[in-house]
Amino acid sequence: MPRSTSGWDGGKEVGGRKQYVMVDCLGLLLVVMVTAASVQDRDAAGPVLARLRARFRKIQLVWADVGYAGRLVVWARREAAAHLGDRRAQ
């Protein structure tokens with residue numbers, strides 16, 4: 001695996017790459033993004049949401065893990081015009 005496209009996630013103690021996947025309520029694939037493992041999940045979430053919004057303009061609600069909280073929720077509302085919810089809200 002080339003060094004430039006792989007990394008080390010110290011929190012998860014995993015090397016390599018991470019995959020970010022967005023699916024619809026039926027599990028159908030909408031967006032995939034692959035990064036080095038050293039990229040933080042919150043840092044990758046913005047570009048993934050931007051890709052989702054560029055392809056699917058009508059999406060208004062995105063369910064995410066509670067780890068994607070804070071500034072990302074505000075960014076999602078402002079930039080992606082989507083509500084970022086987590087499983088606790090149900």
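In this text the structure is predicted, and so the values were computed from the model without any measurement.
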- Query: Any chain of hydrophobic side-chain contacts (each under 4.5 Å) joining Val39 to Val34?
  - Reply: no
- Query: With hydrophobic residues grouped by side-chain heavy-atom distances under 4.5 Å, do Val32 and Val23 end up in a single group?
  - Reply: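 Yes.
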- Task: Let me see the working for Met22 and Val48 under side chain to side chain contact (heavy atoms under 4.5 Å, CB included), right down to the final yes or no.
- Result: CA-CA 8 Å; Met22 307 266 316; Val48 172; 3.4 Å; yes
- Query: Asp41 and Tyr20: side chain to side chain contact (heavy atoms under 4.5 Å, CB included), yes or no, with the steps?
  - Reply: CA-CA 9 Å; Asp41 292 344; Tyr20 301 90; 2.9 Å; yes
- Other ILVMFWY residues reachable from Leu28 by side-chain steps of under 4.5 Å: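 Leu26, which link up through side-chain heavy atoms under 4.5 Å apart, make up the rest of the cluster.
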Would you compute the distance between atom [atom1] of [X] and atom [atom2] of [Y] and round it to the nearest 0.5 angstrom?
X	Y	atom1	atom2	answer
Leu52	Met33	CG	CE	12.0 Å
Arg53	Gln60	CZ	CD	7.5 Å
Ile59	Leu30	CD1	CG	5.5 Å

- Message: Minimum heavy-atom separation for Asp43 and Pro47, please, with both atom names.
- Response: O-CD, 3.3 Å
- Looking at Lys18 and Ala37, what are the two nearest heavy atoms and their distance?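 Scanning both residues, the minimum pair turns out to be CE-O, 3.2 Å.
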